[in-house]
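Remember, predicted model here, so these are calculated numbers, not experimental data. Just follow the structure's listing: the first ligand is 1, and inside any ligand the first atom is 1.
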Amino acid sequence: MFLDKTTIAANKTIEISGSKSISNRLFILQKLFGNLRIQNLSNSEDTQLLQKALESDSEIIDVHHAGTAMRFLTSYFAIAEGRTVTLTGSERMKQRPIKFLVDALRTLGAEIQYLENEGFPPLKITGKKLTKSTVSIPANVSSQFITSLMLIGAKLHNGLQIKLQGEVTSRPYLEMTLKILRTLEIPNEWEGDTIKIFAGFDPANLSSAPFVVESDWSSASYFYSVAAISRESLNLRCFKPFSLQGDSVLREIYWECFGVNTISEGAESKISLYPETSFELPKKIKLDLRDAPDIAQTICVTAAALQIPFEICGLSTLKIKETDRLVALQNELFKIGCATEITDAEICSVHFFSPAEPISIKTYNDHRMAMSFAPFSLLKPLTIENPEVVEKSYPDFWKDFSYLTE
Ligand SMILES: O=C(O)C1=C[C@@H](OP(=O)(O)O)[C@@H](O)[C@H](O)C1
Ligand SMILES: C=C(OP(=O)(O)O)C(=O)O
């Protein structure tokens with residue numbers, strides 16, 4: 001897709017669909033416990049794939065690139081007594097690890113086999129009653145493994161006690177799971193290194209009021225980048241002042257690093273992004289994003305566009321996402337005039353230069369590569385290769401992005 005250099009019309013409003021992470025948790029819980037009404041669901045492909053998988057009675061379930069669907073369904077099918085499924089995904093999904101989750105489920109009594117490579121999808125899962133209730137799992141690879149266990153915890157006879165080993169990555173996603181369970185009156189606690197999900201939950205106690213999903217903060221990041229680069233104000237809906245999503249840290253990051261102020265207008269669930277005109281850009285940006293890995297690409301592109309030197313750490317999980325995001329970022333940032341150094345968990349800018357044109361950005365089957373680089377077109381024309389990748393989390397992205405420039 002060719003994006004000509006363009007300007008933004010001030011004060012437009014974009015309505016983003018529900019959070020993919022919250023929607024996917026709620027779909028699993030709805031299927032396990034019934035009786036749950038959900039509003040403002042995510043329209044992402046990942047959520048649709050999960051919903052389809054939950055409705056299917058096929059023996060083969062294919063979740064393509066959807067990491068949360070793959071991980072959450074592994075535990076879901078492990079307790080689906082009397083059913084055997086093959087759970088598979090895209091070629092990339094077959095390279096994304098799942099061993100620690102499978103080990104944990106096997107400790108609890110699950111029957112899961114690897115059909116190709118040890119430690120990776122596809123999996124053959126034979127649903128069983130899980131008899132044990134305590135398990136340990138490394139917490140530094142993917143929080144999705146732990147959420148997956150937490151979602152089935154209240155279905156186990158004695159509940160579930162999960163001991164987290166090592167450093168916890170993507171912590172706010174675990175807090176999100178606990179808060180959602182609590183909203184549904186499923187008791188739980190997280191003390192020290194142990195998460196407990198208590199048994200004895202009665203689905204009849206579920207409130208009849210619908211669960212209204214707040215909009216997706218990771219998707220909002222691209223518009224923070226637009227505001228920071230263009231210095232024009234814009235509005236986003238439907239966001240609440242207190243979010244379940246860790247990526248809402250964008251409010252602080254874009255204020256401190258780029259001078260974009262966020263004002264919540266509670267009644268309409270609207271937030272307004274006002275870039276300060278007199279904001280003095282920082283000499284250097286230093287951030288640890290282990291709690292918010294999905295906004296790393298957005299922040300790197302904003303900083304590169306504004307030529308602010310950056311040092312971003314806490315990124316060890318980026319190499320096992322839709323692509324190796326650190327390598328992809330390094331390659332494509334160079335095309336927009338920012339040379340970087342990367343390690344296993346960090347990316348630092350080295351110098352800025354005037355990029356060679358025409359610029360064509362590869363997306364590596366990664367929706368966030370496409371969306372994070374799009375705002376650079378406010379400075380220079382560029383082509384985004386395979387723009388359809390955005391479907392994974394934000395199918396309306398191109399429509400919303402072009403609406404801003406009309
Ligand atoms: O639980 C979730 O909904 C997610 C957790 C994070 O994954 P990791 O825990 O693997 O970092 C995040 O990157 C992903 O987009 C969604
Ligand atoms: C990492 C992501 O998703 P998943 O792990 O669910 O594929 C993402 O949406 O950026």
Q) Which residue supplies the protein heavy atom nearest to atom 10 (O) of ligand 2, what is that atom called, and how far is it? A)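 Here the nearest protein heavy atom works out to Arg368 NE, 2.6 Å.
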Q) Looking at atom 6 (O) of ligand 2, what's its closest protein heavy atom, distance included? A)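 That would be Thr68 N, 3.0 Å.
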Please list, in number order, the atoms of ligand 2 under 4.0 Å from a heavy atom of [X].
{"X": "Lys321", "result": "1 (C)"}
{"X": "Lys20", "result": "3 (O), 6 (O), 8 (C), 9 (O)"}
{"X": "His65", "result": "7 (O)"}

Q | Counterpart residues, ring pair (Phe, Tyr, Trp, His ring centres under 6.0 Å), relative to Phe401 (two or more places apart) | A | Phe397
Q: Identify, with sequence neighbours excluded, every residue that meets ring pair (Phe, Tyr, Trp, His ring centres under 6.0 Å) alongside Tyr173.
A: none
Q. So which protein residues pack against ligand 1 under 4.0 Å, heavy atoms counted?
A.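 Within 4.0 Å of ligand 1, protein side: Ser21, Arg25, Thr68, Ser142, Ser143, Gln144, Ser170, Tyr173, Pro293, Asp294, Lys321.
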Q) Does the side chain of Asp400 pick up a donor-acceptor pair with the side chain of Tyr394 at under 3.5 Å? A) yes
Q. If you measure from each heavy atom of Lys392 to ligand 2, is any distance below 4.0 Å?
A. yes
Q.
Please determine whether any non-hydrogen atom of Arg325 lies less than 4.0 Å from an atom of ligand 2.
A.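 Distance cut 4.0 Å: Arg325 passes for ligand 2.
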Q) Do any nitrogen or oxygen atoms of Gly67 lie less than 3.5 angstrom from nitrogen or oxygen atoms of ligand 2? A) yes
Q) Is the Tyr254 to Phe223 ring centre distance short of 6.0 Å? A) no
Q: Would you confirm whether the ring centroid of Phe201 sits within less than 6.0 angstrom of the ring centroid of Phe33?
A: yes
Q. Should we say atom CZ of Phe334 is surrounded by more than 12 heavy atoms from elsewhere, each under 6.0 Å from it?
A.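 No, the 6.0 Å shell around CZ holds no more than 12 heavy atoms from other groups.
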**Q.** SB check Arg325 Asp366 (cutoff 4.0 Å)
**A.** yes
Q.
Does this structure show an ion pair linking Lys240 with Glu214, if we count only N-O contacts that are shorter than 4.0 Å?
A. no
Q. Pro309 and Phe352: which non-hydrogen atoms are nearest, and at how many Å?
A.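 Taking every non-hydrogen atom into account, N-CE1, 3.7 Å.
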Q: Between Glu322, His367, Arg96, flag the one that comes closest to atom 5 (O) of ligand 2 by a heavy atom.
A: Arg96
Donor-acceptor contacts under 3.5 Å from residues 72-87 side chains, at least two apart:
residue: Thr74; atom: OG1; partner: Met70; partner atom: O; Å: 2.7
residue: Ser75; atom: OG; partner: Ser148; partner atom: OG; Å: 2.4
residue: Arg83; atom: NH2; partner: Ser56; partner atom: O; Å: 3.1
residue: Arg83; atom: NH2; partner: Ser58; partner atom: O; Å: 3.1

